[in-house]
Amino acid sequence: MEAIGALVDVKSYSKKLLELEYDSETSIDIINELYNYFKETTQISIHDGEIKDAVSIPASKGMALSIKHAAECFLDYKRTTQFLKGLVRAIKDKQQEHPNTTIHIFYAGCGPYAPFFTLVAPLFTPKEVQFTLLEINKDSLEKAEFLIESLSLKEYVKTSYLSDATIFKVENPKSYHILFSETLDALLYRECYVPILWNLLPQFSEEIAVVPENVKIDLYFKRENELVFEKTLFDVRERVEKSKMFNLFPHQFKTVKVDLSKAVDYHKMYFATQVNVYKNLKLLCNDSSISRGLEMEIQKPIVHKAVNFTYYTKPKMELKLALEN
């Protein structure tokens, strides 16, 4: 595809994705076609490349995906479709709130394809939307900038930064309307979504829209195919809202206790990740690689009173459990 032709195709494909259900076969075909173009343009493939392209990058808190795995995220079809819909809807809502105003979007962790720039920008004019891109991986940022150039979309980029979003200080933060950060994994393992929100949200206006809005880890008890909700173990926005009261990012968050006497009639504990993308747009358990569920056998007879769940941020981001006698 030539640059102008590619731009027309991307815009057309984006419009189709917005109209389709997030699990339609047509959506999958469109995303595969876009992936092939992005891959050919950037020379970043999920199957080829050097070993260094598959190595994760440590942030000040958590890990950032390798350039190869960041590219692979684009082929998480439901995730890509829901995030696209969520960001476009957020932009349109902000246009309603701020008529005749350029909507400024801060995109933290764009990866080599910057998909929620490259798919979104062509749907608007440069006077309607402006993006600030931030990426910790130098190779990823260079590839994203090359792709943007090839699509003739540079007019939509206010600026771009090579930096760590978990410690980045935003210039003129109150000018932004939307924070977009797709930096998360199932059960909030390893990646930087929590420390990024902890660092960036207090800098922005309280009216800023966030996509995805929130992530929750919920615990269910399971018996055959029956799931019974027990408790939310970690609610990111609820925890991050308290960041204004603290100067330092905690090494661990407050422990949640679950009474095991309630589990007598069940065989397993089931951990579900729910991603609230934007308003009624969600990724429910197992819709996506970032909302996978995890099962754990309940050993019988139950000899412990409770199990304590703690979300740790060091030495890595992860939810851990400890049995209580």
Side-chain angles (χ1 to χ4, degrees), residues 1-50 52-54 64-88 91 105 107-126 128-135 137-157 160 162 180-183 211 277 288-290:
M1 286 189 286
E2 297 296 328
I4 298 302
L7 179 56
V8 172
D9 286 339
V10 169
K11 183 176 181 178
S12 173
Y13 283 154
S14 293
K15 285 183 172 180
K16 288 179 182 177
L17 288 174
L18 293 173
E19 295 168 359
L20 294 165
E21 293 298 319
Y22 76 160
D23 56 355
S24 77
E25 290 298 320
T26 306
S27 292
I28 293 171
D29 291 341
I30 288 172
I31 291 169
N32 284 336
E33 182 69 21
L34 287 165
Y35 166 74
N36 287 331
Y37 175 68
F38 292 165
K39 176 185 70 174
E40 290 168 9
T41 304
T42 63
Q43 294 298 299
I44 294 297
S45 165
I46 66 174
H47 301 297
D48 307 314
E50 301 177 30
K52 69 179 180 63
D53 292 339
L65 287 182
S66 68
I67 189 171
K68 185 174 180 178
H69 291 127
E72 187 176 13
C73 289
F74 186 63
L75 294 178
D76 189 336
Y77 303 105
K78 294 181 181 180
R79 172 185 186 273
T80 292
T81 306
Q82 291 294 74
F83 280 3
L84 172 63
K85 290 181 176 182
L87 182 52
V88 171
I91 291 170
I105 301 138
Y107 188 166
C110 64
Y113 299 161
F116 304 103
F117 169 87
T118 49
L119 298 186
V120 172
L123 301 172
F124 302 91
T125 69
E128 290 178 312
V129 296
Q130 285 287 298
F131 285 77
T132 293
L133 307 179
L134 186 147
E135 173 59 48
N137 186 321
K138 182 176 182 290
D139 292 339
S140 281
L141 185 59
E142 289 176 352
K143 294 295 186 181
E145 289 174 335
F146 181 77
L147 179 60
I148 289 165
E149 178 77 35
S150 75
L151 289 168
S152 303
L153 294 174
K154 281 191 68 175
E155 286 183 282
Y156 293 86
V157 180
S160 60
L162 177 65
F180 183 88
S181 181
E182 51 169 330
T183 52
V211 183
V277 179
S288 160
S289 63
I290 60 174

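Everything quoted here is computed from the prediction, not taken from an experiment.
- A donor-acceptor contact shorter than 3.5 Å links the side chain of Ser150 to the backbone of Leu147.
- Looking at Glu135, its side chain does come within 3.5 Å of a backbone N or O of Gly111 through a donor-acceptor pair.
- Residues Phe83 and Ile290 form a side-chain contact, since some pair of their non-hydrogen atoms from C-beta on lies under 4.5 Å apart.
- Summarising the geometry of Cys73 relative to Leu65, their closest heavy-atom pair is SG-CD1, 3.5 Å, with the distance given to 0.1 Å.
- For the 3.5 Å distance criterion, the side chains of Thr183 and Ser181 qualify, holding a donor opposite an acceptor.
- Remark: of the listed residues Tyr35, Phe116, Phe38, Phe38 is the sole one forming a ring-ring contact (aromatic ring centres under 6.0 Å, His included) with Phe74.
- Here Glu182 pairs with Arg79 in a salt bridge; the nearest charged N to carboxylate O distance falls below 4.0 Å.
- Distance CG/Leu17 to CG/Leu84: 6.0 Å, rounded to 0.5 Å.
- Here the CD1 atom belonging to Ile67 is positioned 9.0 Å from the CD atom belonging to Glu142, to the nearest 0.5 angstrom.
- Taking CG of Leu141 as the start and CG of Leu133 as the end, the distance is 7.0 Å to the nearest 0.5 Å.
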* To do: Decide side-chain contact (heavy atoms from CB on, under 4.5 Å) for Leu34 and Val10; before the verdict, give the C-alpha distance in whole Å, the side-chain angles of both, and the deciding distance to 0.1 Å.
  => CA-CA 7 Å; Leu34 287 165; Val10 169; 4.0 Å; yes

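- In summary, the aromatic rings of Tyr107 and Phe117 are positioned with their centroids too far apart to meet the 6.0 Å limit.
- A distance of 9.5 Å separates CG of Leu20 from CD1 of Ile31, quoted to the nearest 0.5 Å.
- The shortest distance between side-chain heavy atoms of Lys85 and Thr81 falls below 4.5 Å.
- At a cut-off of 3.5 Å, with distance as the only test, a side-chain donor of Tyr77 or Asn32 sits close to an acceptor on the other residue.
- One side chain, Glu145 or Ser160, offers a donor N or O that lies under 3.5 Å from an acceptor on the other.
- The minimum heavy-atom distance linking Val211 with Leu87 is given by the pair CG1-N, 4.1 Å.
- The closest donor-acceptor contact from the side chain of Asp76 to the backbone of Ser288 lies at 3.5 Å or more, if one exists at all.
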* **Verdict with supporting geometry, Cys110 and Leu134, side-chain contact (heavy atoms from CB on, under 4.5 Å)** => CA-CA 7 Å; Cys110 64; Leu134 186 147; over 6 Å; no

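- A donor-acceptor distance shorter than 3.5 angstrom exists from the side chain of Tyr113 to the backbone of Ile44, with no hydrogens or angles considered.
- Across all their heavy atoms, Tyr156 and Ala121 have their closest contact at CE2-O, 3.1 Å.
- Judged purely by atom type and a 3.5 angstrom limit, Lys143 uses its side chain to pair as donor or acceptor with the backbone of Thr42.
- For Gln130, there are no side chain to side chain donor-acceptor pair (under 3.5 Å) partners, not counting sequence neighbours.
- The shortest side-chain heavy-atom distance between Val120 and Ser14 does not fall under the 4.5 Å cut-off.
- In this structure, the separation between CG on Leu75 and NZ on Lys39 is 9.5 Å, given to the nearest 0.5 Å.
- When the side-chain contact (heavy atoms from CB on, under 4.5 Å) test is applied to Glu19, no partner is found at least two apart in sequence or on another chain.
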* Just do the side-chain contact (heavy atoms from CB on, under 4.5 Å) check on Lys15 and Leu123 with the steps written out, would you? => CA-CA 8 Å; Lys15 285 183 172 180; Leu123 301 172; 3.7 Å; yes

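- Taken to the nearest 0.5 Å, the CG atom of Leu119 stands 8.0 Å off from the OG1 atom of Thr80.
- No side-chain heavy atom of Ser24 sits under 4.5 Å from any side-chain heavy atom of Ile28.
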